[in-house]
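All figures in this text were calculated on a predicted structure; none of them were measured in a lab. Just the heavy atoms: all of them, side chains too, but no hydrogens, waters or symmetry mates, feed the values below.
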Amino acid sequence: MQGHDRPSAARSAAPLDALIVGAGFAGLYALCKLRGLGLTARVLEAGRGVGGVWFWNRYPGARCDVESMQYSYSFDDGLQQEWTWTERFAPQGEILGYLNHVADRFDLRRDIQFETRVTAMHYDEAASLWTARTDRGEQVSARFCIMATGSLSAARVPDLPGLDTFAGDCHHTGDWPHAPVDFAGRRVGIIGTGSSGIQAIPLIAQQASHLYVFQRTPNFIVPARNKVLDEATERFWKDNYPEHRRKAREVGTFYEFSDKGALEVSEAEREREYERRWHEGGVNFVHSFNDIYLNGAANDTAAEFVRARIRGIVRDPRVAEALSPRDHPLGTKRICVGSDYYETFNRDNVTLVPLREEPIEAITPAGVRTARAEYALDTLVLATGYDALTGALLRMDIRGRGGQALAQKWSGGPRNLLGLMTAGFPNLFIVTGPGSPSVLVNMVIGIEQHVDWIADCIGFLHAKGMDTIEAKPAAEDAWVEHVNAEAGQTLFPRANSWYLGANIPGKPRVFMPYVGGIGRYRRKCDEVAARGYEGFILSDSAGAQRLAPGYVP
Ligand code: N01
């Protein structure tokens, strides 16, 4: 299924209408959409196949924590009716299969160039053109660039002394080998207990002779209660997709959003509600009450409920306490959804190594040395996360007007208007980047909204005879301020999370996603468009490359 297409147009000198970077959910839909407008559009993709994060994340247990019936494209009814999901929460392989199906169904591969990493993108003001350079030494020019590079795609390998001296196998969850990794009979260490680590740990523990879990910060982990998707559920969704998708555009993912505060109800009612949601499984737990993200005391009740469950599951009280998060409010680091996670610590072949008590001093050829002991390992798994939201963009040398580097412009944190465009970088669109709801909502919903907006915007420019669009600095400043002010009203800034860049040494501490909700955000984007792209500068620059003659608005 995975192609190796190397289309001639991507190597040709003729500028494209649009260059799309990345062939995950965002890039595939952008290609569909722009091609549907009659534009010449090409995708450059680093992987050997489509799928983005679902191409790279092949670690054991990798699956989505948004329910399958919701984590899919809505733009084509035939597609959503014909695809069958088999589990409540789809495993990575099935999502990758779905994206390959989409690529085939819409004949997308002929415009995707695989195994091609974009290393630089420079803007030529005189020609109003972007030129991308790739790791294959090619150059591709285009009028518009759609950065479909993913929010959690730049894997972060920590600066642990001696890491490169480790003599065994070492794998990052976000860049997992394509051949199966055999843990049978091996001594395995895993560093990191975020969403990736907590999914992999129970499955690795079933195979390894011994598993050492190196935990720096315990997370809140709610049970997934994954199960086979029954036909009645599938029918319910498929029969009502128009209505469901309409609602999803307002709320992102369907949860039971409560209209009550946690402290407005009796303790007994509160416990019943937490218990019910814990039993049903999934992220729905954090929506038990409407003030979990807003009120510290309300949040404490949910946090204490989870800690009590941990004490109830984990037999060794010292291990239970070490697994209990106490340094951040529940949900302010991305809530983790797992299967048999806490139960795994009752196994004889699993040891929790609390790094706050015994920090890692070095990785040695034989394993991991902490302040207290040396753990001999055959395999080391790094579940250490991502340089989120900005990493994939800033790892490229992106330069806008006057040669200004994006890295320099964003040195104090990402700045843009609506998360979509940054001043000084005309015609460069970012899909689900910082400043948009992005990772806080169902990514597929956010992606479709952004791509639709971008396509409409390009259509508008064409209709008006304009060549470029660019954020106004003042409008951008106001949006950045608004994004920060919204986050400031929540408990999110209280955690050292990747939402704030706190996992990357030296990264500015700025809350990056927009917390105002996808419905509100969508209305704001639509209003801006309806007012002729208020806050943006639209211009007709002499000498600019015009859209391909095939363009059909
Ligand atoms: O990464 P993370 P992830 N020494 O950053 C630890 C999405 N996702 O790949 O918390 C020791 O959350 C770090 O410790 P600390 C989802 O949005 C979704 O797990 O910084 N430890 C932490 O425990 C998710 O939030 C799904 O103290 C070090 C861990 O590594 C996001 O991706 C599945 C360390 C990193 O956790 C990222 O999740 C998977 C060091 N030097 C991912 N450096 C689903 O849909 C880092 N750590 C279910």
Side-chain angles (χ1 to χ4, degrees), residues 57 59-67 88-89 91-92 152 173 190-206 211-227 253 255 274-288 292-293 299-347 350-356 381 383-386 439-440 491-492 495-499 503:
N57 276 251
Y59 61 86
R63 68 176 67 246
C64 189
D65 62 9
V66 175
E67 297 198 11
R88 178 183 182 193
F89 296 109
Q92 171 268 336
L152 291 155
T173 46
I190 181 164
I191 301 177
T193 53
S195 297
S196 306
I198 68 97
Q199 287 185 325
I201 284 164
L203 293 172
I204 297 176
Q206 286 172 19
L211 175 64
Y212 296 94
V213 177
F214 296 92
Q215 171 197 266
R216 191 163 63 184
T217 313
N219 265 308
F220 291 96
I221 295 134
V222 295
R225 314 274 185 221
N226 187 35
K227 56 188 174 191
T253 313
Y255 296 115
Y274 288 143
E275 189 64 54
R276 182 178 72 79
R277 292 181 187 241
W278 179 267
H279 180 73
E280 286 173 3
V283 174
N284 202 34
F285 182 83
V286 293
H287 301 290
S288 301
I292 301 279
Y293 285 112
N299 190 291
D300 282 346
T301 65
E304 187 43 39
F305 177 89
V306 175
R307 288 190 287 260
R309 299 283 89 58
I310 299 171
R311 290 192 291 273
I313 298 169
V314 180
R315 286 198 287 272
D316 182 334
R318 279 174 314 146
V319 176
E321 182 50 31
L323 287 166
S324 298
R326 294 194 183 273
D327 75 333
H328 63 280
L330 178 139
T332 55
K333 286 183 124 173
R334 173 69 152 73
I335 190 98
C336 298
V337 180
S339 297
D340 294 329
Y341 180 69
Y342 293 120
E343 290 80 351
T344 296
F345 291 90
N346 291 332
R347 295 176 68 107
V350 175
T351 302
L352 181 70
V353 183
L355 297 180
R356 301 269 181 221
V381 174
T384 45
Y386 297 88
V439 289
L440 295 180
L491 301 176
F492 278 113
N496 288 322
S497 67
W498 54 256
Y499 293 134
N503 62 329

Notebook entry, point to check: With a 4.5 Å heavy-atom cut-off, do L323 and Y342 have their side chains touching?
Noted result: yes
Margin query: Return the CZ to CD1 distance between R315 and I313, rounded to the nearest 0.5 Å.
Written below: 11.5 Å
Check: Do any N or O atoms from the side chain of N226 and from the backbone of F89 form a donor-acceptor pair under 3.5 angstrom?
Finding: yes
Next item on the list: Looking only at non-hydrogen atoms, find the nearest pair between Y59 and A200 and report the distance.
Entry: CD1-CB, 4.0 Å
Item checked: Test item: R347 side-chain N/O and A205 main-chain N/O as donor-acceptor pair under 3.5 Å -> yes
Notebook entry, point to check: Can you tell me how far the OH atom of Y293 sits from the CG atom of L440, to the nearest 0.5 Å?
Noted result: 8.0 Å
Notebook entry, point to check: Less than 4.0 Å between a side-chain N and a carboxylate O, is that true for E304 and R307?
Noted result: yes
Next item on the list: Evaluate the criterion side chain to side chain contact (heavy atoms under 4.5 Å, CB included) for residue pair F220 and V222; output intermediate values, then yes/no.
Entry: CA-CA 7 Å; F220 291 96; V222 295; 5.9 Å; no
Next item on the list: Answer whether the closest heavy-atom distance between the side chains of W278 and R309 falls below 4.5 Å.
Entry: yes
Next item on the list: Decide yes or no on side chain to side chain contact (heavy atoms under 4.5 Å, CB included) for H287 and T253, but give the supporting numbers first.
Entry: CA-CA 11 Å; H287 301 290; T253 313; over 6 Å; no
Notebook entry, point to check: Looking at F214, is R216 sitting on its ring face, NZ or CZ under 6.0 Å from the six-membered ring centre and within 45 degrees of the normal?
Noted result: no
Checklist line | Y499 side chain vs V439 backbone, donor-acceptor pair below 3.5 Å | finding: no
Check: Can you tell me how far CZ of F492 sits from NE2 of H328, rounded to the nearest 0.5 angstrom?
Finding: 11.0 Å
Checklist line | Separation of Q199 CD from C336 SG (nearest 0.5 Å) | finding: 8.5 Å
Checklist line | Main-chain N/O of S324 paired with R311 side-chain donor or acceptor, under 3.5 Å | finding: no
Notebook entry, point to check: Any side-chain donor-acceptor pair under 3.5 Å between Y274 and T301?
Noted result: yes
Next item on the list: Mark yes or no for whether Q215, through its side chain, and A322, through its backbone, hold a donor-acceptor pair below 3.5 Å.
Entry: yes
Next item on the list: Working to the nearest 0.5 Å, report the span between CZ of R326 and CD of E321.
Entry: 4.0 Å
Checklist line | Side chains of V314 and N346 in contact at under 4.5 Å (non-hydrogen atoms) | finding: yes
Item checked: Set of residues satisfying salt bridge (Lys or Arg N to Asp or Glu O under 4.0 Å) with respect to D300, sequence neighbours excluded -> none
Margin query: Within the 4.5 Å heavy-atom criterion, are F305 and E275 side-chain neighbours or not?
Written below: yes
Checklist line | Smallest separation among heavy atoms of R334 and S195, with atom names | finding: CG-OG, 4.3 Å
Check: Of all heavy-atom pairs between V337 and G282, which one has the smallest distance, and what is that distance?
Finding: CG1-CA, 4.2 Å
Next item on the list: Kindly give the heavy-atom pair with the smallest separation between A62 and N57, and that separation in Å.
Entry: CB-O, 3.6 Å
Next item on the list: I would like to know whether D316 and F345 meet side chain to side chain contact (heavy atoms under 4.5 Å, CB included); could you show each step before the answer?
Entry: CA-CA 9 Å; D316 182 334; F345 291 90; over 6 Å; no
Notebook entry, point to check: Donor-acceptor pair, N284 side chain versus R277 backbone, under 3.5 Å?
Noted result: no
Checklist line | P325 side chain near I310 side chain, heavy-atom distance below 4.5 Å | finding: yes
Item checked: N219 side-chain N/O to T193 backbone N/O, donor-acceptor pair under 3.5 Å -> yes
Notebook entry, point to check: Which value, rounded to the nearest 0.5 Å, describes the distance between I201 atom CD1 and D340 atom CG?
Noted result: 12.5 Å
Note to self: If I compare all heavy atoms of S339 with all of P202, which pair ends up nearest, and what's the gap?
What the structure shows: O-CG, 3.3 Å
Item checked: T332 to L491 - nearest heavy-atom pair and separation -> CG2-O, 3.3 Å
Next item on the list: Please identify each residue that fulfils salt bridge (Lys or Arg N to Asp or Glu O under 4.0 Å) with E343, with sequence neighbours left out.
Entry: none
Next item on the list: Please lay out, stage by stage, how T217 and D327 fare under the test side chain to side chain contact (heavy atoms under 4.5 Å, CB included).
Entry: CA-CA 8 Å; T217 313; D327 75 333; 3.6 Å; yes
Next item on the list: Determine whether Y255 and V286 make a side-chain contact, defined as any pair of heavy atoms from C-beta on separated by less than 4.5 Å.
Entry: no
Notebook entry, point to check: Is it true that a side-chain atom of N299 and a backbone atom of I292 form a donor plus acceptor pair closer than 3.5 Å?
Noted result: yes
